[in-house]
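Side-chain atoms are counted along with the backbone in the values below, which use heavy atoms only and exclude waters and symmetry mates. Note that ligands are numbered from 1 as they come in the structure, with each ligand's atoms numbered from 1 the same way. The first residue of the sequence shown is numbered 1, and numbering continues consecutively from there.
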Amino acid sequence: MVNRGLFIVLEGLDRSGKSTQVSRLHDQLEQDGHKARIQKFPDRITAIGKMIDSYLRSEAELDDRAVHLLFSANRWECCQAIEQSLQDGVTVIADRYAFSGIAFSAAKGLPFDFCASPDIGLPLPDVTLYLTVSPAAAAKRAAYGTERYEQVDLQNRVREQFKLVADKVRTMHGPDRWVEVDAEGSIDQVWERIWSQVKAIESKKGEQIHRLWT
Ligand code: DGP
């Protein structure tokens, strides 16, 4: 039997360095002879993604609950392709997932359970690597402040919500599904931490794909 691909999610505050590490992970896996692809969330290419994009760039105003459901719908519309890739032996590296969905919307004041519920049943990542960086350090990184959520006070609240998300993942799905990675230091240092975590989950390729929040 051909092993399935791994489903790896990178999460973190804005400017925590996720996207840099996501593409490095993709390149390393391909270099080692694995098939891999990147799935960015929100996926701004789809019709729903375009609405989210104009909201994030403050070109459109939307009700908080409505935009939360759009973010979730954006994940659902990509879900079949993710599962197909995994079955085809392709490792999927997601740059954000449902966990950002809860953390950002709950930080704006929406009830935590409301935020979690539309994503029940999505494919469960084999591991979520949560890049930890202080909001003050993130704010010093390039291009901070150009989008709607890139403000230090909001990012502080997002960080608090991510702690609750981590608790929920560990309680419902096991402690190894959520791993904190120190994202302060050089790109190479952070990369070494990420790569050692990815190598540790190789055996999950033999396991079936589970469902989020079930
Ligand atoms: P990025 O393209 O990674 O810069 O992310 C876009 C922004 O959208 C970022 O500030 C985090 C936020 N975000 C991502 N997913 C969700 C979600 O599901 N719900 C909400 N409210 N915000 C999200």
TODO: Establish, from distance only, whether the side-chain atoms of Asp32 and Gln28 form a donor-acceptor pair under 3.5 Å.
DONE: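 A pair is found: one side chain offers a donor N or O, the other an acceptor, under 3.5 Å apart.
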
Task: Donor-acceptor pair between Arg37 and Ser85 side chains, under 3.5 angstrom - done: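 Ser85 and Arg37 do have a side-chain donor-acceptor pair below 3.5 Å.
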
Task: Full working for salt bridge (charged side-chain N to carboxylate O under 4.0 Å, His left out) between Arg177 and Glu11 - done: CA-CA 12 Å; Arg177 298 260 173 190; Glu11 281 282 13; over 6 Å; no

Task: Heavy-atom proximity to atom 8 (O) of ligand 1, best of Leu10, Leu69, Leu56 - done: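 When every heavy atom of Leu10, Leu69, Leu56 is considered, Leu56 comes closest to atom 8 (O) of ligand 1.
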
- [ ] Between Tyr97, Phe71, Phe99, flag the one that comes closest to atom 17 (C) of ligand 1 by a heavy atom.
- [x]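 The option holding the nearest heavy atom is Phe71.
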
Open item on the list: Are His173 and Trp213 an aromatic pair, judged by ring center distance below 6.0 Å?
Closed with: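 Yes, ring centres under 6.0 Å apart.
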
Check whether any N or O atom of [X], backbone or side chain, sits under 3.5 Å from an N or O atom of ligand 1, and answer yes or no.
X	answer
Ser105	yes
Arg75	yes
Lys40	yes

Task: Where Val9 and Pro125 come nearest, the two heavy atoms and their spacing - done: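 Minimum heavy-atom contact is CG2-CG, 3.4 Å.
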
Which residue and non-hydrogen atom of the protein lie closest to [atom], and at what distance in Å?
atom	result
atom 2 (O) of ligand 1	Arg44 NH2, 2.9 Å
atom 3 (O) of ligand 1	Arg96 NE, 2.8 Å
atom 9 (C) of ligand 1	Asp14 OD1, 3.2 Å

Open item on the list: For the CG atom of Leu70 and the OH atom of Tyr55, what is their distance to the nearest 0.5 Å?
Closed with: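 Rounded to the nearest 0.5 Å, the CG-OH separation comes to 10.0 Å.
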
